[in-house]
Amino acid sequence: MTKRDENLWQGIDTSARGALTTRDYRATSFAKEFSERGLDGGELLAADRNQRDVKQARIPGVEVFARKIHAQRHRGLFGEFVRRDEGILGRIGLWPKQWSAARMFANTAKGFHVHPPSVPKDGVAADWLHRVFVDEPENYSLRRYDDEQWDVMFFLQGRVEIILCDIRAGFPRRVMRFFVDGDNHRSDNNIGIVIPPGVAHAIRAEGAEDVVMVYGTSTVFRPEFEGRIASEVESTELPEAWRDFLKT
């Protein structure tokens, strides 16, 4: 601590001062905020994709789009997901072959998961991926939706943090962290998300509320497409007393 700090904290026991830290509230660059602290989904939507720092921070192929949730007084809520051949999914030519639902209990997480990109026979992975997402990013006919799993995610209940990490061959490691509100929390953070293969993704539930999500995949479920990094919750062994009991 500086002399000024020592004077400020003189009313605190000396042995405790060494454990004290000050949160850094200084403004940071968009990229740093995006990859380390996380942005609200509404902030991500509002960011100008043509600005250099925004463009450099985003992961190629990841899409986020706004959803409008309508309050139906005395009844509940209504919100569309997507319409086939319209909006972002219509533009990129993706329509899921399978739709699924999942519930995450409060204070739990999913992931990291990643799905393998499909590379043409005799192609070089890094060159192919660079062509699809960097050289010709709007040539959506190059995308191999039928041979690789793309995810389209929506959240109906709760609040989540999404963490994305680009681990595709030949791509710089980029991280996107942002927060999404479920339909029961109407806000600018009600968004849908498109995640390409090769981008590892994890979801953390925020607060004391269960999360309900619906997601579409460009292929039907194929176990070989599912690359996982197990979390400690899944991999930790049962308590020794339990293991001894089960052996008897």
Side-chain angles (χ1 to χ4, degrees), residues 24 26-66 88-89 91-94 109-145 147-153 160-180 189 191-204 215 217-219 224-231:
D24 186 0
R26 292 174 297 179
T28 62
S29 67
F30 180 89
K32 191 174 181 65
E33 192 81 10
F34 200 5
S35 64
E36 295 184 8
R37 295 180 183 173
L39 298 175
D40 280 343
E43 291 182 89
L44 177 54
L45 279 176
D48 184 353
R49 296 181 62 158
N50 294 317
Q51 287 189 359
R52 187 164 179 261
D53 58 341
V54 176
K55 187 179 295 187
Q56 291 181 339
R58 293 181 65 104
I59 295 175
V62 171
E63 303 282 358
V64 295
F65 52 96
I88 285 180
L89 295 195
R91 175 168 58 83
I92 67 176
L94 168 62
K110 281 183 176 290
F112 277 91
H113 298 86
V114 66
H115 312 298
S118 175
V119 178
K121 186 177 180 180
D122 300 325
V124 177
D127 293 344
W128 169 253
L129 294 171
H130 198 274
R131 179 187 175 191
V132 173
F133 294 101
V134 179
D135 297 337
E136 302 179 51
E138 296 184 5
N139 184 358
Y140 304 117
S141 65
L142 292 175
R143 298 185 176 183
R144 302 166 66 86
Y145 294 132
D147 302 309
E148 59 189 14
Q149 182 175 319
W150 289 63
D151 293 335
V152 185
M153 295 183 179
V160 298
E161 178 184 16
I162 305 291
I163 307 175
L164 307 180
C165 183
D166 195 347
I167 55 174
R168 288 172 287 193
F171 279 51
R173 182 69 63 96
R174 291 179 181 172
V175 175
M176 293 171 57
R177 296 179 65 172
F178 53 96
F179 299 87
V180 182
N189 300 329
I191 62 175
I193 308 143
V194 178
I195 304 174
V199 176
H201 44 283
I203 305 170
R204 296 202 300 180
Y215 61 99
T217 54
S218 60
T219 62
E224 67 270 24
F225 280 3
E226 191 80 352
R228 305 176 59 252
I229 300 175
S231 70

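Model, not experiment: these values are computed from the prediction. If you read the sequence from its start, that first residue is 1, and numbering goes on from there.
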Residues two or more places apart in sequence or in another chain: which of them pass salt bridge (charged side-chain N to carboxylate O under 4.0 Å, His left out) with R204? E161
Check side-chain hydrogen bond (donor to acceptor under 3.5 Å, both in side chains) between T217 and all other residues, then give those that pass, not counting sequence neighbours. none
Please walk me through it: do M176 and I195 pass side-chain contact (heavy atoms from CB on, under 4.5 Å)? CA-CA 11 Å; M176 293 171 57; I195 304 174; over 6 Å; no
Please report the shortest heavy-atom distance between G61 and W150, naming the atom on each side. O-CZ3, 3.8 Å
Would you give the length of the straight line joining atom CZ of R177 to atom CD of E33, rounded to the nearest 0.5 angstrom? 10.5 Å
What's the separation between atom CZ in F112 and atom CD1 in I163, rounded to the nearest 0.5 Å? 5.0 Å
Can you measure from CG (D166) to CZ (R173) and round to the nearest 0.5 angstrom? 8.5 Å
Just jot down the side-chain contact (heavy atoms from CB on, under 4.5 Å) partners of A125, sequence neighbours excluded, or say none. V119, A169
What salt bridge (Lys or Arg N to Asp or Glu O under 4.0 Å) pairs are there with at least one residue in residues 43-59, not counting sequence neighbours? R49-E63
Which residues pass the side-chain contact (heavy atoms from CB on, under 4.5 Å) test with V160, not counting sequence neighbours? F155, I162, V180, I203, V211
Search all heavy atoms of F65 against all heavy atoms of I193 and return the closest pair with its distance. CE2-N, 3.9 Å
Test: salt bridge (Lys or Arg N to Asp or Glu O under 4.0 Å). Region: residues 112-127. Which pairs qualify, not counting sequence neighbours? none
For residues P196 and V62, report the shortest heavy-atom separation together with the two atoms involved. CD-CG2, 3.7 Å
Please list every donor-acceptor pair under 3.5 Å in which a side-chain atom of residues 134-143 meets a protein atom from a residue at least two apart or in another chain.
unit_1	atom_1	unit_2	atom_2	d
D135	OD1	H130	ND1	3.2
D135	OD2	H130	ND1	3.3
E136	OE1	N139	ND2	2.9
E136	OE2	R131	NE	2.9
N139	OD1	S141	OG	2.6
Y140	OH	R91	NH1	2.7
R143	NH1	Y145	OH	3.4

All pairs passing ring-ring contact (aromatic ring centres under 6.0 Å, His included) where residues 41-60 contributes a residue, at least two apart: none
Among all residues two or more places apart in sequence or in another chain, which pass the side-chain contact (heavy atoms from CB on, under 4.5 Å) test with A66? L45
Partner residues of D151 under the side-chain hydrogen bond (donor to acceptor under 3.5 Å, both in side chains) criterion, sequence neighbours left out: H115, Q149, H201
In this structure, which one of S35, C165, P60 forms a side chain to side chain contact (heavy atoms under 4.5 Å, CB included) with R174? P60
Which atom of P197 lies closest to which atom of E148, heavy atoms considered: CG-CD, 3.5 Å
Hey, what do you get for CD1 (I191) to CZ (F178), rounding to the nearest 0.5 Å? 5.0 Å
Among pairs that include at least one residue of residues 28-60, which meet ring-ring contact (aromatic ring centres under 6.0 Å, His included), considering only residues two or more places apart or in two chains? F30-F34
Do any N or O atoms from the side chain of D40 and from the backbone of F179 form a donor-acceptor pair under 3.5 angstrom? no
Between CH2 on residue W128 and OG on residue S118, distance to nearest 0.5 Å: 8.5 Å
